[in-house]
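For reference, the structure discussed in these notes is given below.
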Amino acid sequence: QRTNDLSQALRKESLYNSITTTIRSSLDYADTLQTVVDAFGKAFESDYAVLYPVDSVELGKPPQPVTYSKSGEPVAAALADIGSPCQALILDKLPYAGKSLNRLATKLTYRNRPLASITLYQIANTWDSSTVKLFSSLAEQAIMAISQAKLHLHIQQQTEQMRTEL
């Protein structure tokens, strides 16, 4: 039993370190969003994952969901729409296309300002309370990565604006 507990703890720590390193590897806002949704989708063995950013990647355009699909097929727009941005930590089931999908979702906020929300979907049910705890912990790392990328984008935009004014 102790060996099993230790191997689970090691696996979780390894996963935590891997995801943290991956999602902090870029300062580009669009890349960061895609990296976060891909890393979460893979790490939590999701069939689909959708990240709903509050701010758009492109100025003047509405924000678009950023998606991950285990199979590589595009995530259906209907799936991106049913999960629309959540306001709390959720672990539940919902019907979709004749299947029952497990949904794990949370909002990502920094200093009481919403950044995004992320929703993972899984056909097989392998998520438990320890998965939810790990998901919440890693969400904190995603918040830091997204907020840093947003700050970097904002600085780039201000620099460009100053150049055009000069």
Could you state the interatomic distance from [atom1] ([X]) to [atom2] ([Y]), rounded to the nearest 0.5 Å?
X      : Y      : atom1 : atom2 : value
Lys150 : Leu115 : NZ    : CG    : 5.0 Å
Leu91  : Asn102 : CG    : CG    : 7.0 Å
Leu134 : Glu13  : CG    : CD    : 9.5 Å
Thr159 : Met162 : OG1   : CE    : 6.5 Å
Ser100 : Asn125 : OG    : CG    : 8.5 Å

Is any side-chain heavy atom of [X] less than 4.5 Å from a side-chain heavy atom of [Y]?
X      : Y      : value
Tyr48  : Val50  : no
Thr106 : Ser136 : no
Tyr29  : Ile146 : yes

For Lys107, what residues pass the salt bridge (charged side-chain N to carboxylate O under 4.0 Å, His left out) criterion, not counting sequence neighbours?
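Per chain and number, Lys107 pairs via salt bridge (charged side-chain N to carboxylate O under 4.0 Å, His left out) with no residue.
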Give a yes or no on whether [X] and [Y] share a hydrophobic cluster (residues Ile, Leu, Val, Met, Phe, Trp, Tyr; joining criterion: side-chain heavy atoms under 4.5 Å apart).
X      : Y      : value
Phe40  : Tyr110 : yes
Ile90  : Phe44  : no
Met144 : Val54  : no
Leu138 : Leu89  : yes
Leu27  : Leu108 : no

Kindly say whether [Y] contributes a backbone atom to a donor-acceptor pair with the side chain of [X] at under 3.5 angstrom?
X      : Y      : value
Ser18  : Ser14  : no
Gln34  : Thr67  : yes
Tyr96  : Tyr121 : no
Ser137 : Lys133 : no
Thr32  : Ser26  : yes

Tell me the closest heavy-atom pair linking [X] and [Y], and the distance in Å.
X     : Y      : answer
Leu51 : Val37  : N-CG2, 3.8 Å
Pro53 : Ala116 : CA-CB, 3.7 Å
Ala49 : Gly41  : CB-CA, 4.1 Å

Quick one about Gln148 and His152 (side-chain donor to acceptor, distance below 3.5 Å, no hydrogens or angles considered), yes or no?
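Side-chain D/A pair, His152 to Gln148: absent.
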Give the intermediate values and the outcome of side chain to side chain donor-acceptor pair (under 3.5 Å) for residues Thr131 and Asp128.
CA-CA 5 Å; Thr131 302; Asp128 58 15; 3.0 Å; yes
Please name the residue in the list Gln156, His154, Gln161 that meets the side chain to side chain donor-acceptor pair (under 3.5 Å) test with Gln158.
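Going through Gln156, His154, Gln161 one by one, the side chain to side chain donor-acceptor pair (under 3.5 Å) with Gln158 is satisfied by His154 alone.
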side-chain contact (heavy atoms from CB on, under 4.5 Å) between Arg163 and Glu160: does it pass, once the steps are laid out?
CA-CA 5 Å; Arg163 283 188 186 143; Glu160 190 60 36; 4.0 Å; yes
